[in-house]
Engineer: 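Quick one: the structure is below, and I'll ask about it shortly.
Here the structure is a predicted model, which is why all the values come from computation and not from measurement.
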Amino acid sequence: MEDFSKDAVILTAFENKEALDLLTCDLVRRGVGLVLLIDDSSGSAAGSSAIPGLTILRQTPDRDDAPTLRDALQYLNLHRPDMEYAAVLESAGDCSAESIAGLLAAVHGRKRLLAVSLRRPGRGVSFLSWRRNRLNCLLPRLVSGEGEAESLRSSRAFSTQLIPQFLTVEGEGQAYHLNCLLACISTGIALEEVLFPVKEEKIEYRIPEFLKSIIPG
């Protein structure tokens, strides 16, 4: 059984507090060492402080802007040096403790690896094509806009030994996420896809009224 006691999971604010509560409880039950929520001051994190096992990174009085992923990484670097691995959840579609655990397990014992979630095979950027770590495999697709949003929404996991490198990366918001990916590729850090289960949409078929009279049952 995997040991997640030295792992941290960084979450962005959830609109659905119930979903956040369930996810946090499941992560704690799996033994995750730290669940850190970034409060973006949108109000979606209101009431989350009552969730057991959840640490909230809030805006401090000495700054006007809300905390970001960079601040969360800095928090780990300064205040939780006992954490050895971290996962960043970038979209509500990845809200599964099982999937996050699989992402973390992929980087255990691998200090120079960035594991990236792939939720929709065949769409967006294929991170497997980056394994040679060549910028020319990545840039044309990002510049053209093909799959860019998919790559930025992907959750990722990595060794906390990479955090000092990420803290030197420039940019804010989506630009920061993209630059972190480019920094990994340019410094020879391997990337590996971890397939997240995709929930199949249920399609309800309705029989047109004019056919009901001729179809038995």
Engineer: Going by side-chain contact (heavy atoms from CB on, under 4.5 Å), I10 matches just one of L89, L76, L34. Which one?
Structural biologist: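 So, applying the side-chain contact (heavy atoms from CB on, under 4.5 Å) to I10 and each of L89, L76, L34, only L76 qualifies.
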Engineer: Would you confirm whether Y85, through its side chain, and A105, through its main-chain N or O, come within 3.5 Å as a donor-acceptor pair?
Structural biologist: no
Engineer: Which heavy-atom pair separates T168 from Q165 by the least distance, and what is that distance?
Structural biologist: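 Shortest heavy-atom contact: OG1-O, 2.6 Å.
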Engineer: Rounded to the nearest 0.5 Å, what separates atom CD in Q74 from atom NE2 in H79?
Structural biologist: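 Interatomic distance, Q74 CD to H79 NE2, rounded to 0.5 Å: 8.0 Å.
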Engineer: Does L20 reach the side chain of L54, with side-chain heavy atoms less than 4.5 Å apart?
Structural biologist: yes
Engineer: If I compare all heavy atoms of A115 with all of V107, which pair ends up nearest, and what's the gap?
Structural biologist: CB-CG1, 3.6 Å
Engineer: Side-chain contact test, heavy atoms from C-beta onward, threshold under 4.5 Å: evaluate it for E2 versus R30 and give yes or no.
Structural biologist: no
Engineer: How far apart are the closest heavy atoms of G171 and R70, and which atoms are they?
Structural biologist: O-NH2, 2.5 Å
Engineer: Any idea which heavy atoms bring P67 and L57 closest together, and the distance?
Structural biologist: CG-O, 3.3 Å
Engineer: Show the nearest heavy-atom pair for residues N77 and P164, with the distance to one decimal.
Structural biologist: OD1-CG, 4.2 Å
Engineer: Nearest heavy-atom pair of L167 and Y176: which atoms, and what distance?
Structural biologist: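 Looking at all heavy atoms of both residues, the shortest contact is N-OH, 4.2 Å.
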Engineer: Taking side chain as C-beta onward, heavy atoms only, is L181 less than 4.5 Å from L191?
Structural biologist: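 Yes, side chains in contact.
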Engineer: Hey, does L73 have a side-chain heavy atom less than 4.5 Å from the side chain of L69?
Structural biologist: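 Yes. Closest side-chain heavy atoms under 4.5 Å.
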Engineer: Using side-chain heavy atoms (C-beta onward) and a distance below 4.5 Å, is T160 in contact with R80?
Structural biologist: no
Engineer: Under a 4.5 Å cut-off applied to non-hydrogen side-chain atoms, are P52 and V28 in contact?
Structural biologist: no
Engineer: Side-chain contact test, heavy atoms from C-beta onward, threshold under 4.5 Å: evaluate it for V32 versus I100 and give yes or no.
Structural biologist: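 They are not in side-chain contact.
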Engineer: CD1 of I163 to CE of M83: how many Å apart, nearest 0.5 Å?
Structural biologist: 10.5 Å
Engineer: Is there a path of hydrophobic side-chain contacts, each under 4.5 Å between heavy atoms of I/L/V/M/F/W/Y residues, joining V35 to L22?
Structural biologist: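 In one cluster with L22: V35, no.
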Engineer: Nearest 0.5 Å, please: how far is CD in E192 from CG in L114?
Structural biologist: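 Output value for this atom pair is 10.0 Å.
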Engineer: I'd like to check the salt bridge (Lys or Arg N to Asp or Glu O under 4.0 Å) partners of R112; sequence neighbours left out, ordered by chain and number.
Structural biologist: none
Engineer: With side chains defined as the heavy atoms from C-beta onward, is the minimum distance between F158 and I189 less than 4.5 Å?
Structural biologist: no
Engineer: With a 3.5 Å distance limit and no angle check, can you tell me whether N179 reaches the backbone of E170 through a side-chain donor-acceptor pair?
Structural biologist: yes
Engineer: Counting distance only, does the side-chain N/O of D71 pair as donor-acceptor with the main-chain N or O of T68 below 3.5 Å?
Structural biologist: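 Side chain of D71 to backbone of T68: a pair is present.
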Engineer: Less than 3.5 Å apart, any donor N or O on the side chain of D3 or H108 sitting next to an acceptor on the other?
Structural biologist: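 Absent: no donor and acceptor within the cut-off.
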